[in-house]
Amino acid sequence: MEAFLNSDYIKPMPYLLEGLVFTLLITFAGLFFGFIIGAFTGLGRLSKNKFIYGLSSVYVEVIRGTPLLAQILFIYFGLSQLMDLNMHKLVAAILAIALNAGAYIAEIVRGAVHSIDKGQMEAGRSIGLTKNQTMRYIIWPQAFKRMIPPLGNQFVISLKDTSLFSAIAVGEMVYKAKTYYATTFTPFETLTMVCVLYLLITIPTSIYLRRVERRLDV
Amino acid sequence: MIQVQDLHKSFGKLEVLKGIDANINEQEVVCVIGPSGSGKSTFLRCLNLLEEVTSGEVLVDGENLTDPKIDINSIRSRVGMVFQHFNLFPHMTVLHNITLGPMKIKNMSQSEAEAVALPLLEKVGLSDKAGVYPDSLSGGQKQRVAIARALAMEPKVMLFDEPTSALDPELVGDVLQVMKDLAEEGMTMVVVTHEMGFAKEVCDRVLFMDEGIIMEEGSPKQIFDDPQNERTQAFLSKVL
């Protein structure tokens, strides 16, 4: 037991778990705002209003067409310079995940809503519901079910993406690992444990999602 | 109940309706027949503005649908529609499918709405299906639920868009029976159909459409036994 606890694999764990807290915090907070952004932008991509459609499309294309690392640096350093403020790292990180995932979630939302048979909208309208009511009571609940599996995938992607925040010294798991092995010279053991911790989250999530997918039959 | 004057409808460059004039009186059952692509369904869908009218006038229950200030949702709640593919809401139980309209549009409580819905379910012979989801119903049962859903809004007119075309032949009878009962109760109905038997037996008047216009209209007897128009004769010789 003593030997196990003193092994180079276990010794970094307190640091890594501290980092994991930030990793999860950034992921959940980022995806929460990302979903709000994505829901509006996704519906914007389905809008007949050319301005709303155009704005949503530009956002989605810009985010999907540029690397996340560049987006992170742009938000943390670029925006801080432009607006002459000192953005908190954690705010920058959550903002970056929200804006990045928002674009991908927008496509998930757009696809799911688009996949609902147009007879559903017609049926809702024909009993006298407004467009918004039909959206809310009929289209959205059905579309949301279809969004669950791809949203789960986005969760896994965004979780892994948080490792890029080590570039702006946010104390998430990879950054904690780097600072740890810089003094202990045990990068192999430390990074092995980083990967194990990521996998402990991502693999069960994937298995769970596959089950949900089968149950929803979508 | 419904007055249509010089109704035109185009999809892009394609003109589907080329000037339709029609009157549908209260308590009248009017069948619309004709070859596919003749514009029957489009005509029907113009009567509750599921299709935007290109030009002409459509008056329903005294209100002009082509008036831009019209409250279309209020009109639609008075005009029931039944679709070829049922379009039931798959995420709601049969009962909830029927109560949704009364609850959201007429602001009824759930128990008030159920008091409307349950007798309608009984009327279409599906009382025992109130709690199930549409997926577990046969096509004929789905269509009867769809009729009950439309009736729950207490419409003044019912529009049927090929209500039996997507059904297996042995399921058609139940749906037609429900429609027949409805006609006998005095519901105003416009039915786009390929069921010539139904048209003959139940309709007060038959409109024959082809190439975007009403080619011929008359009583079922006139149309089926003594058609005047060449097109009508050709069509009927193929389907009868």
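All chains are named by letter (A, B, ...) in the order of the sequence lines, taking the proteins before the strands, and each is independently numbered beginning at 1.
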Please classify the contact of [X] with chain A as side chain, backbone, both or neither, using a heavy-atom distance under 4.5 Å.
X	result
B/L49	neither
B/V82	neither
B/F83	side chain

Exercise. CD1/B/I105 to CG/A/L129 distance, rounded to the nearest 0.5 angstrom?
Worked result: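 The CG atom of A/L129 is 4.0 Å from CD1 of B/I105, to the nearest 0.5 Å.
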Exercise. Do you know which two heavy atoms are closest between B/F89 and A/A123, and how far apart they sit?
Worked result: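 Heavy atoms of B/F89 and A/A123 come nearest at CE2-CB, 3.8 Å.
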Problem set entry | Over all atoms of both residues, closest heavy-atom pair of B/M153 and A/I127 |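 Closest pair (atom of B/M153, atom of A/I127, distance): CE-O, 3.6 Å.
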For this session: Scan residues 62-82 of chain A for pairs that pass ring-ring contact (aromatic ring centres under 6.0 Å, His included), counting only residues two or more places apart or in two chains.
Result: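 Every candidate ring-ring contact (aromatic ring centres under 6.0 Å, His included) pair involving residues 62-82 of chain A fails, so no pair, neighbours aside, qualifies.
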For this session: Could you tell me which residues satisfy side-chain contact (heavy atoms from CB on, under 4.5 Å) with A/I203, sequence neighbours excluded, listed by chain and number?
Result: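 Per chain and number, A/I203 pairs via side-chain contact (heavy atoms from CB on, under 4.5 Å) with A/L199, A/I207.
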Which donor-acceptor pairs fall under 3.5 Å between chain A and chain B:
| residue | atom | partner | partner atom | Å |
| --- | --- | --- | --- | --- |
| A/G119 | O | B/N87 | ND2 | 3.1 |
| A/Q120 | NE2 | B/L88 | O | 2.7 |
| A/E122 | OE1 | B/R45 | NH1 | 2.9 |
| A/E122 | OE2 | B/R45 | NH1 | 3.3 |
| A/E122 | OE2 | B/R45 | NH2 | 2.5 |
| A/R125 | NH2 | B/N73 | OD1 | 3.3 |
| A/Y137 | O | B/H91 | NE2 | 2.9 |
| A/Q142 | NE2 | B/H91 | ND1 | 3.4 |

Counting only heavy atoms from other residues, nucleotides and ligands, does the tally under 6.0 Å from [atom1] of [X] exceed 12?
X	atom1	result
A/F35	CZ	yes
A/Y9	OH	yes
A/N49	CG	yes
A/F51	CZ	no
A/Y104	OH	yes
A/Y59	OH	yes

Exercise. Who are the side-chain hydrogen bond (donor to acceptor under 3.5 Å, both in side chains) partners of A/S206, not counting sequence neighbours?
Worked result: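 By the side-chain hydrogen bond (donor to acceptor under 3.5 Å, both in side chains) rule, A/S206 matches no residue at all.
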Problem set entry | Choice from B/P90, B/A146, B/P155, B/G101 maximising heavy atom contacts with chain A below 4.5 Å |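 It is B/P90.
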